[in-house]
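Accompanying notes for the structure given below.
Counting from 1, the numbers follow the sequence of the chain as shown.
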Amino acid sequence: QVQLVESGGGLVQAGDSLRLSCAASGGTFSGNGMGWFRQAPGKGREFVASISRSGGITYYADSVKGRFAISRNNAKNTVYLQMNSLKPEDTAVYYCAGRSGVSASTIFANYDYWGQGTQVTVSS
């Protein structure tokens, strides 16, 4: 079973950047599609970005398109989320997720394992 640990969250001001990392252990990371989701207080978990096994295919939520970038380093068993031009509405707990399939997916139910999350807070 793959275990995921997120890092890189924090408190920043609007317009700043952050890079989240998600380190995987215990399984075949390089064979899995990966994704990032987020959950704001009082709201459901929403899709942010996803990446295929090879990294060749990525998907983004409309709300982050052009500002966020997902990438992966299979040699390091790590997936990243570079977040630029952060806005207060980006404030949420960010979760890394993996799936047994190789493709990227925007669908919550397609993911089989999850990290514990990292808090991102953007002040105005």
Side chain to side chain, V48 and Y95, heavy atoms closer than 4.5 Å: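 The answer is no, as the side chains (C-beta and beyond) never meet within the 4.5 Å cut-off.
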Beyond-backbone contact of M83 with V122, side-chain heavy atoms, under 4.5 angstrom: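 Not touching, per the 4.5 Å side-chain cut-off.
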Pi-cation contact, F108 with R45 (under 6.0 Å, within 45°):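 Verdict for F108: no cation-pi partner in R45.
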Closest non-hydrogen atom pair between T91 and A40, with its separation: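 Looking at all heavy atoms of both residues, the closest pair is O-CB, 3.7 Å.
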Nearest heavy atoms of S100 and N32, plus distance in Å: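 Shortest heavy-atom separation between S100 and N32 comes out as O-OD1, 4.0 Å.
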Criterion salt bridge (charged side-chain N to carboxylate O under 4.0 Å, His left out) on D62 and K65, from CA distance to verdict: CA-CA 5 Å; D62 288 342; K65 202 170 293 184; 3.2 Å; yes
Trace of the ring pair (Phe, Tyr, Trp, His ring centres under 6.0 Å) decision for Y59 with F47: CA-CA 10 Å; Y59 298 122; F47 169 74; 7.5 Å; no
Is there a donor-acceptor pair under 3.5 Å between the side chain of [X] and the backbone N or O of [Y]?
X: Y80; Y: A69; value: no
X: R72; Y: G55; value: no
X: T78; Y: N73; value: no

Sequence neighbours excluded - disulfide bond (SG atoms under 2.5 Å apart) pairs with any residue from residues 47-100: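 Checked against disulfide bond (SG atoms under 2.5 Å apart) - neighbours excluded - the pairs reaching residues 47-100 are C22-C96.
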Sub-6.0 Å ring centroid separation between W36 and F68: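 Between F68 and W36, which both carry aromatic rings, the centre distance is not below 6.0 Å.
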